[in-house]
Amino acid sequence: MQHDNSADRTGLVELPEEALSLAVLLRAWRARAGHKMNLGKPLPQVEVAAEVGMSERWYRNLERGAIPRLDARTLNALANALQLCADERATLFLYAAGGEPFPAVSAMDGVDLAPLHRLLDLQPTQPVYLTDNAWNVLGHNTAMAEWFPWVRVPGANLIRWGLTDPEAREQLADWPRHARAYLAMLRYGMAQYPGHPELRDILRTALADLECRRIWDAGPVIIANRDGHTFRLTLPRFAPHSIDVVTHVLHPVGYPGLRLTFINRQDG
């Protein structure tokens, strides 16, 4: 794995708080809005402020890092003015609320995950796995282990594998697209759970890789999950040729922060 010059002796890089702030996102969203509107420049701050019904000074301070009280009406107006998608809109609300209002459950809390594990076992042919709010693999069925043996390793983590394991770059066709999605999911996760040490550690490790850093620096992208994403896999140990799959992600209502992900084969 290649590392850039900002890596410390542990191979990790420092995460400037500015890179994870709402101010960075607002500036990027405003620039994109101007591009969508063919302005040839970012949408002017004064126009965003007018759409929200606030002063230009108020919005300028927001992009400088001020965190004033933001009610639902203001947040919706701001999201509309910046032409945010659903995941970006949710991220804006998360920043305003200071993170996810419902604490995530964890296997370390002694939560009984047996019902979810039984659900995994009921899927005999399609790979299914269970992850927590940091994408640690808490359970998987036999098919998942056959496709991806790495899930059997203690401490297996989906995003850490996808961004830093050389095997992922061989198995995930168009790996940069996947890396972009995983980094976008990390950004969303860190808005949900500010200061989450494991999420920060995964990001620091990933950004020590030059290609991951290039993708991250290309601009803030946000994805809440990969529900409905289609992609191609190369699994020599499992299939003689590449296969097309689609993922479906479910959030168990009684287990905040957990995700059930189903991988469905598309080519028979």
Side-chain angles (χ1 to χ4, degrees), residues 4 15-97 159 162-163 172-192 194 203 206-207 209-232 244 246-247 249:
D4 67 13
L15 294 181
E17 294 300 324
E18 169 69 5
L20 300 171
S21 70
L22 176 60
V24 166
L25 293 176
L26 290 172
R27 292 194 293 269
W29 290 336
R30 185 166 59 83
R32 187 188 60 191
H35 176 74
K36 286 182 178 180
M37 300 168 68
N38 297 317
L39 299 179
K41 62 179 182 179
L43 181 64
Q45 291 179 332
V46 65
E47 293 190 23
V48 178
E51 287 289 329
V52 179
M54 305 295 279
S55 69
E56 181 182 3
R57 179 180 180 182
W58 175 90
Y59 182 76
R60 186 168 58 247
N61 288 337
L62 199 62
E63 283 199 2
R64 289 175 175 170
I67 306 295
R69 185 176 182 85
L70 299 170
D71 58 29
R73 185 208 65 81
T74 302
L75 290 168
N76 276 314
L78 185 55
N80 291 338
L82 296 172
Q83 303 183 31
L84 303 188
C85 70
D87 289 348
E88 292 165 343
R89 183 181 294 264
T91 301
L92 179 61
F93 274 73
L94 285 168
Y95 269 103
I159 291 188
L163 290 174
L172 301 173
D174 190 13
W175 177 83
R177 173 188 169 218
H178 291 273
R180 183 174 182 267
Y182 288 140
L183 289 169
M185 289 160 62
L186 269 177
R187 190 183 288 276
Y188 185 85
M190 295 174 81
Q192 280 185 296
L203 181 58
L207 294 186
D209 177 85
L210 292 177
E211 185 65 10
C212 286
R213 187 57 184 254
R214 182 192 66 79
I215 295 170
W216 177 267
D217 289 343
V221 180
I222 294 173
I223 298 175
N225 58 66
R226 303 201 71 179
D227 184 49
H229 284 207
T230 59
F231 49 90
R232 179 162 294 182
D244 294 317
V246 59
T247 55
V249 182

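No side-chain donor from either of R177 and H229 sits under 3.5 Å from a side-chain acceptor of the other. Between the side chains of Q192 and Y188, no donor N or O sits under 3.5 Å from an acceptor N or O.
The shortest non-hydrogen separation linking A96 to L75 is CB-CD1, 3.7 Å. Here the shortest heavy-atom pairing between N80 and R89 reads OD1-NH2, 2.7 Å. Between G65 and A23, the shortest heavy-atom distance links the atoms N-CB, 3.9 Å. P220 approaches A28 most closely through the heavy-atom pair CG-CB, 3.3 Å.
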After noting the C-alpha distance and the side-chain angles of V48 and E56, does the key distance pass the side chain to side chain contact (heavy atoms under 4.5 Å, CB included) rule? CA-CA 8 Å; V48 178; E56 181 182 3; over 6 Å; no
Take F93 and N76 through the test side chain to side chain contact (heavy atoms under 4.5 Å, CB included) and record every step on the way to the result. CA-CA 9 Å; F93 274 73; N76 276 314; 3.8 Å; yes
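R60 and E63 are not joined by a salt bridge, as no carboxylate oxygen comes within less than 4.0 angstrom of a charged side-chain nitrogen.
Judged by the 6.0 Å distance and 45° axis criteria, R226 is positioned over the aromatic ring of F231.
Counting heavy atoms of neighbouring residues, nucleotides and ligands inside a 6.0 Å radius, atom CZ of R32 exceeds 12 of them.
Rounding to the nearest 0.5 angstrom, the gap separating the CD1 atom in I222 from the CG atom in L186 is 12.0 Å. Atom CZ of R232 sits about 11.0 Å away from atom NE2 of H178, to the nearest 0.5 Å. The line from CH2 of W175 to CD1 of I215 is 5.0 Å long, rounded to the nearest 0.5 Å. One distance of note links CE of M54 with CG of N61; it measures 10.5 Å at 0.5 Å rounding. We find the CG-CG distance between L70 and L22 to be 8.0 Å, quoted to the nearest 0.5 Å.
The side-chain heavy atoms of L26 and Y95, taken from C-beta on, include no pair separated by under 4.5 Å. Residues L78 and E51 fail the side-chain proximity criterion, which asks for heavy atoms closer than 4.5 Å. Using a 4.5 Å heavy-atom threshold, the side chains of Q83 and L43 count as separate. Side-chain contact check for L82 versus R30: some heavy-atom pair is nearer than 4.5 Å. Side-chain atoms of L163 and L183, non-hydrogen and from C-beta on, do get closer than 4.5 Å to each other. Contact check for T74 versus W58: side-chain heavy atoms found under the 4.5 Å cut-off. Using a 4.5 Å cut-off on side-chain heavy atoms (C-beta onward), D174 and P176 make contact.
Without hydrogens or angle criteria, D87 side chain to I223 main chain gives no donor-acceptor distance under 3.5 Å. Judged by distance alone, the side chain of E88 and the main-chain N or O of C85 form a donor-acceptor pair under 3.5 Å.
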